[in-house]
Amino acid sequence: MKVVDAQLHELGPRLDWPDDSPARHDVLSEILFAWMDAVGIDAVVIHPHDPEYGQKMIETYPDKFAGVFGPGDLDAPDLDANIQRLRERPGTIGVRASFGKLLSDLTGEIAEAKFRAGTYDRLFAACEEHQMPLFCAAFGRCDLVDEVAQRHPDLTLIVDHLGMAQPPFHPRDTPPWAKIGELLALARHPNVAVKVCGAPVLSGAGYPFADNNKYLRQMIDAFGAERLFWASDIGRFHGRLGWENGSAPVGQAPYPGKHSYAESLFSIRESRELTQNEKELLLGGTVQQLLGWPAQ
Amino acid sequence: MRMIDAQLHEPSIWLDWSDVSSELKRRLLTEVALAHLETSGLERALLFATDLDWGREAAAAHPDKFALVVRGNVIAEDEDIEAQIEQAAADPTIVAWRLVIGYRGSDPEAEINRLNAGVYDRTFAACERHGMPLFFFMSRRLTRAAEIVQRYPGLTFIIDHLGIPQPPLDPRDVPPFKSLDELTALAAFPNVGVKVCGAVALSEQPYPHADVWPALRALVDAFGADRLLWASDISRFAGKIGFHGQMGGVPTDYDGKHSLFDSLRFILDAEVLKQEEKEGILGGGVRSMVGWG
């Protein structure tokens with residue numbers, strides 16, 4: 001079984017390197033390979049902080065890396081052509097848009113105002129037109145994904161991070177899985193899938209996060225494992241995002257649910273609550289079937 | 001839990017760095033070694049550095065994360081070996097010595113002859129005198145090891161790699177733990193501990209490798225968890241050490257191959273161990289036998 005981590009940002013270094021070190025891309029690669037090897041990951045969907053770096057990795061190691069990129073300027077006159085170009089570029093398997101709560105917009109009001117003003121409408125249409133899967137970083141706003149899914153039935157939508165507020169960037173909801181109902185409601189749209197990412201930070205129990213099992217089972221019952229896939233986004237949880245470690249202060253401090261890379265993977269891989277078939281779908285099969293990568 | 005990896009060579013490097021300075025190479029090794037710790041929630045690692053300059057640099061820069069184990073085979077015949085060991089014992093970056101005898105890759109017959117000819121006696125005596133623990137690689141030679149450990153009761157011996165041949169560099173015995181009784185017999189000597197390294201490679205079952213649990217339990221019952229030292233030696237299982245490229249004799253795929261975390265979680269998830277026993281194997285053993293951490 002090939003294990004696919006469906007979201008990593010390139011992981012940042014620990015030593016003080018010169019910002020403009022000519023070796024920085026290669027250093028990032030060695031760090032990335034070290035993390036993948038340590039845990040046993042075969043392939044990674046990279047959502048690069050440095051798109052040039054991400055693209056280089058995808059071209060150099062097409063079996064190991066594919067990418068989800070930003071859509072570029074949403075107001076650009078040639079947005080549609082940009083999406084088409086990305087769709088045709090080997091190894092780009094999705095684009096990502098944020099219209100949920102952000103560190104800079106903790107209530108999500110700014111994002112919602114933009115959403116209501118139609119800022120994303122051309123992106124939705126272009127992605128639908130060009131069959132480009134759209135990852136929705138809609139922390140706490142599954143209701144917005146619901147609207148998009150309804151309006152664009154031929155657009156493949158991926159709910160990022162369970163659609164829920166997660167430490168370390170957001171305080172948990174009370175209780176942490178309060179929004180599970182909104183997530184499950186999305187299952188009625190056949191064009192919606194869920195990136196199962198960050199569940200450990202919603203647990204109150206520590207590894208193996210047994211209190212999450214019932215929610216995972218509800219997701220499988222609602223969506224089927226063929227619309228769910230695991231992602232670690234481990235750089236977020238460790239405060240190691242990109243060469244600059246931009247998220248270091250929040251991610252490296254202690255916070256509820258902090259977990260290691262392997263705990264994230266092993267809570268699925270070694271779960272006693274999941275069938276072998278469900279594990280294989282969550283850990284690579286769904287990505288392969290839904291996003292067409294990596295090649296069988 | 002404060003966990004220590006009791007054996008890390010230079011971590012695997014995958015890209016071509018042949019045209020950069022040795023300073024940059026050492027820096028990269030340290031960066032990747034730090035990643036090795038962080039991926040797995042490890043607090044520390046003992047560095048079995050093939051490049052001693054790197055090992056010293058990393059241990060000096062990060063004394064709360066790394067300390068060095070020096071391989072003493074070649075220098076054992078140096079005129080001043082006693083002085084070298086005395087000096088090392090006073091060096092805070094060096095916490096243990098190592099002799100590799102029963103390793104197929106290094107001509108074990110020649111090493112056994114050297115051992116029998118007394119080549120290593122000065123090393124044993126100096127390590128005993130200066131309180132330098134000794135990692136002792138004696139796979140297939142555990143009865144011989146028993147004779148030696150008795151002669152130096154003041155010297156802490158740590159039997160490398162369970163004293164049992166392991167893939168990928170050695171074929172498994174049939175059955176894999178054929179010599180387990182010889183190993184547990186060494187528990188009678190209070191100066192002996194065991195590096196619990198490569199247990200997963202001896203498993204003939206998938207994770208959590210429950211077929212190895214009886215041997216693990218037998219080791220804890222014989223030695224107690226604080227004389228057992230978990231180690232990944234992950235570069236051996238991946239077949240790459242530092243910048244050296246693929247290690248000779250290590251296939252890219254083989255029966256028993258595993259990740260760092262398979263090795264670590266094998267201990268954490270072993271149902272035959274109590275919590276405090278896991279804490280001993282994953283760190284307490286290094287603290288008590290090596291006196292570091």
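Each chain gets a letter, A, B and so on, in the order its sequence line appears, and its residues count up from 1. When reading the values below, keep in mind they use all heavy atoms of this one structure, side chains included, and skip hydrogens, waters and symmetry mates.
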B/Leu15 versus A/Glu30, closest heavy-atom pair with distance: N-OE2, 2.8 Å
Top contributor to chain B interface from A/Ala34, A/Gly40, A/Pro13 [non-hydrogen pairs under 4.5 Å]: A/Pro13
Toward chain B, the part of A/His238 with a non-hydrogen atom under 4.5 Å: both
Winner by heavy-atom pair count (cut-off under 4.5 Å) against chain A, out of B/Ile13, B/Val20, B/Val32: B/Ile13
Pick from A/Leu11, A/Val39, A/Asp26, A/Leu265 with the largest number of heavy-atom pairs that fall under 4.5 Å of chain B: A/Asp26
Part of B/Ile234 lying under 4.5 Å from any heavy atom of chain A: neither
When B/Thr30, B/Leu24, B/Leu34 are compared by non-hydrogen pairs under 4.5 Å with chain A, the top option: B/Leu34
Spacing of OG belonging to B/Ser259 relative to CG belonging to A/Asp37, to within rounding of 0.5 Å: 9.0 Å
Chi angles and distances behind the side-chain contact (heavy atoms from CB on, under 4.5 Å) call for A/Glu263, B/Arg265: CA-CA 9 Å; A/Glu263 284 169 341; B/Arg265 285 233 71 92; 4.0 Å; yes
Enclosure of B/Glu23 CD (heavy-atom neighbours >12, cutoff 6.0 Å): no
Backbone N/O of A/Arg14 and side chain of B/Glu31: donor-acceptor pair under 3.5 Å: yes
Interchain contact, A/Tyr61 with chain B, by part (heavy-atom threshold 4.5 Å): side chain
B/Phe261 and A/Tyr261 aromatic centres sub-6.0 Å: no
side-chain contact (heavy atoms from CB on, under 4.5 Å) evaluation trace for A/Phe266 with B/Leu268: CA-CA 12 Å; A/Phe266 278 48; B/Leu268 287 167; over 6 Å; no
Residue among B/His36, B/Arg27, B/His258 with most heavy-atom pairs under 4.5 Å to chain A: B/Arg27
More than 12 heavy atoms from other groups under 6.0 Å of CG on B/Asp64: yes
Interface moiety of B/Asp262 toward chain A, non-hydrogen atoms closer than 4.5 Å: both
